[in-house]
Peer 1: 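I'd like to ask some things about the structure below.
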Amino acid sequence: MELPIRNMAGEEVGQIQLEETVFAAPINRGLMHQALVRQLSNARTGTHKTKSRSEVRGGGRKPWRQKGTGRARHGSIRSPIWVGGGTAFGPTPRKYTKKMPKKMRRAALRSALSIKAGADEIVVLEQLSMEAPKTKGFMRALADLGLESGSVLVILPERDMAVEKSISNLPQAKSLLSSNLNIQDLLGYDKLLLPQASVDFIHDWLA
């Protein structure tokens, strides 16, 4: 699979051959779903907590005698049916961590990249660099590349503070290191913008 390489002005300056094992791999939607559920689950802190009847304050004695008052019988004001009482079957701290073999996670990434490549949603850039953080300058580059509409995931080969700060103010764009490529971001953005160095990294990693 061949894609044109463009410069920051949107001009075609060459061609790049994408590895079919990465960008034209068999698509396994079930595997992508499993990888996405795993990532979302692992992001949960699991610190939710409510107090049970043994943890709320009060209730050291029976509120009133068993018989003769005309009221319902109660043994403690900490009962879940009382206002201010404990919570019955409430959430307690737990781990939501899910495990998934590395080969399956990488196969899910290949499936997502193949979907993007098949839908012509990948733009390869010769080099992405900016002299200083300028959001307007990056928006101009997106317009020149035909990416002004929709959301864009910019996959950087290495840290570049000027580029990252230029992107950070754009609600429809996000920068991500190629080493941190993940299924949630791949599926969550309409287009992928990859400098050529990022494509080389992905080839070496997932091929």
Side-chain angles (χ1 to χ4, degrees), residues 1-25 27-29 31-33 35-36 39-40 42-43 105-207:
M1 177 184 295
E2 278 192 353
L3 283 182
I5 301 175
R6 304 185 183 278
N7 58 20
M8 294 282 287
E11 302 166 345
E12 186 174 334
V13 294
Q15 295 282 327
I16 186 171
Q17 184 72 32
L18 298 182
E19 292 284 349
E20 292 190 358
T21 55
V22 178
F23 292 92
I27 296 172
N28 189 330
R29 297 184 184 275
L31 199 60
M32 288 191 294
H33 177 266
L36 179 60
Q39 183 175 346
L40 294 174
N42 292 352
R105 298 199 304 265
R106 292 185 177 183
L109 291 177
R110 286 193 288 267
S111 292
L113 289 170
S114 299
I115 288 177
K116 292 294 184 183
D120 196 24
E121 294 176 348
I122 296 178
V123 176
V124 180
L125 204 58
E126 181 182 24
Q127 186 177 6
L128 178 57
S129 61
M130 301 190 71
E131 295 180 359
K134 290 291 183 182
T135 301
K136 285 186 178 179
F138 188 77
M139 289 178 63
R140 193 179 308 115
L142 289 180
D144 292 338
L145 292 166
L147 300 174
E148 68 275 9
S149 61
S151 56
V152 182
L153 178 64
V154 184
I155 303 175
L156 303 175
E158 57 188 12
R159 297 300 301 267
D160 188 330
M161 296 309 297
V163 173
E164 292 178 33
K165 287 183 178 180
S166 300
I167 299 172
S168 63
N169 284 333
L170 296 175
Q172 76 277 17
K174 178 182 178 179
S175 63
L176 183 72
L177 288 177
S178 53
S179 58
N180 294 334
L181 193 63
N182 62 85
I183 192 73
Q184 182 180 3
D185 286 325
L186 280 179
L187 298 178
Y189 287 83
D190 299 328
K191 298 291 181 70
L192 302 181
L193 179 59
L194 287 85
Q196 192 171 353
S198 295
V199 176
D200 295 337
F201 178 89
I202 292 173
H203 281 166
D204 294 338
W205 179 30
L206 297 177

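These values consider heavy atoms only, across backbone and side chains, with no hydrogens, waters or symmetry-generated copies.
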Peer 1: Of the non-hydrogen atoms in L31 and A107, which two are nearest, and what is the gap between them?
Peer 2: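 Heavy atoms of L31 and A107 come nearest at CD2-CB, 3.5 Å.
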Peer 1: Verify the neighbour count for atom CE of M139: are there more than 12 heavy atoms of other residues, nucleotides or ligands below 6.0 Å?
Peer 2: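 At most 12 heavy atoms, drawn from other residues, nucleotides or ligands, come within 6.0 Å of this atom.
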Peer 1: For residues M32 and A112, report the shortest heavy-atom separation together with the two atoms involved.
Peer 2: SD-N, 3.6 Å
Peer 1: Is a donor on one side and an acceptor on the other found under 3.5 Å between the side chain of R6 and the backbone of V123?
Peer 2: no
Peer 1: Rounded to the nearest 0.5 Å, how far does CZ of F23 lie from CD1 of I16?
Peer 2: 8.0 Å
Peer 1: Please check if the number of heavy atoms outside E148 that lie under 6.0 Å from its CD is greater than 12.
Peer 2: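 Enclosed: over 12 neighbouring heavy atoms sit under 6.0 Å from CD of E148.
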Peer 1: Just by distance, do the side chain of Q39 and the backbone of Q184 share a donor-acceptor pair under 3.5 Å?
Peer 2: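 The answer is yes, because a donor-acceptor pair under 3.5 Å joins these two groups.
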Peer 1: If we ignore hydrogens and angles and just use 3.5 Å, is the side chain of N182 paired with the main-chain N or O of N180 as donor and acceptor?
Peer 2: yes
Peer 1: Would you sort out whether V22 and L109 count as a side-chain contact (heavy atoms from CB on, under 4.5 Å), showing the intermediate values?
Peer 2: CA-CA 8 Å; V22 178; L109 291 177; over 6 Å; no
Peer 1: What do the steps show when you test R110 against T21 for side-chain contact (heavy atoms from CB on, under 4.5 Å), and what is the final call?
Peer 2: CA-CA 8 Å; R110 286 193 288 267; T21 55; 5.6 Å; no
Peer 1: Give a yes or no on whether the backbone of A25 and the side-chain of S114 come within a donor-acceptor separation of less than 3.5 Å.
Peer 2: yes
Peer 1: Which atoms form the tightest heavy-atom contact between E164 and S175, and what is the distance?
Peer 2: CG-OG, 3.8 Å
Peer 1: Using the side-chain contact (heavy atoms from CB on, under 4.5 Å) rule, pick out the option among V163, L128, I5 that qualifies with P195.
Peer 2: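 When V163, L128, I5 are each tested with P195, the side-chain contact (heavy atoms from CB on, under 4.5 Å) holds only for L128.
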Peer 1: Please check this pair: side chain of S178 against backbone of S198, looking for a donor-acceptor N/O pair closer than 3.5 Å.
Peer 2: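 It does not hold such a pair.
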Peer 1: On a heavy-atom basis, which atom in A162 and which in S166 lie closest, and how many Å separate them?
Peer 2: O-OG, 2.7 Å
Peer 1: Minimum heavy-atom separation for M1 and A24, please, with both atom names.
Peer 2: CE-CB, 4.4 Å
Peer 1: Run the side-chain contact (heavy atoms from CB on, under 4.5 Å) check on L194 and I202 step by step: do they pass?
Peer 2: CA-CA 10 Å; L194 287 85; I202 292 173; 3.6 Å; yes
Peer 1: Can any side-chain N or O of K116 pair as donor or acceptor with the backbone N or O of D190 at less than 3.5 Å?
Peer 2: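 Answer holds: yes.
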Peer 1: Can you spot which of L193, L181, D185 makes a side-chain contact (heavy atoms from CB on, under 4.5 Å) with I155?
Peer 2: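 The side-chain contact (heavy atoms from CB on, under 4.5 Å) with I155 is passed solely by L181 among L193, L181, D185.
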Peer 1: Testing the basics here: between G137 and M130, what is the closest heavy-atom pair and its distance to 0.1 Å?
Peer 2: C-CE, 4.0 Å
Peer 1: Rounded to the nearest 0.5 Å, how far apart are OG of S151 and NZ of K174?
Peer 2: 11.5 Å
Peer 1: Within this structure, what is the NE2-CG distance for the pair H33 and L187, rounded to the nearest 0.5 Å?
Peer 2: 11.0 Å
Peer 1: Take atom CD in E131; do more than 12 heavy atoms of anything else shown fall under 6.0 Å from it?
Peer 2: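 Counting neighbours around CD of E131, 12 or fewer heavy atoms of other residues, nucleotides or ligands fall under 6.0 Å, so no.
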Peer 1: To the nearest 0.5 Å, what is the distance between CG on D204 and CD on E19?
Peer 2: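 CD of E19 is found 9.0 Å from CG of D204.
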Peer 1: Determine whether F138 and V154 satisfy the following criterion, side-chain contact (heavy atoms from CB on, under 4.5 Å), listing intermediate values before the conclusion.
Peer 2: CA-CA 11 Å; F138 188 77; V154 184; 3.8 Å; yes
Peer 1: Measuring from I167:CD1 to D160:CG, what's the distance to the nearest 0.5 Å?
Peer 2: 9.0 Å
Peer 1: At what distance, to the nearest 0.5 angstrom, does CZ of R140 lie from NZ of K134?
Peer 2: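 Rounded to the nearest 0.5 Å, the CZ-NZ separation comes to 10.0 Å.
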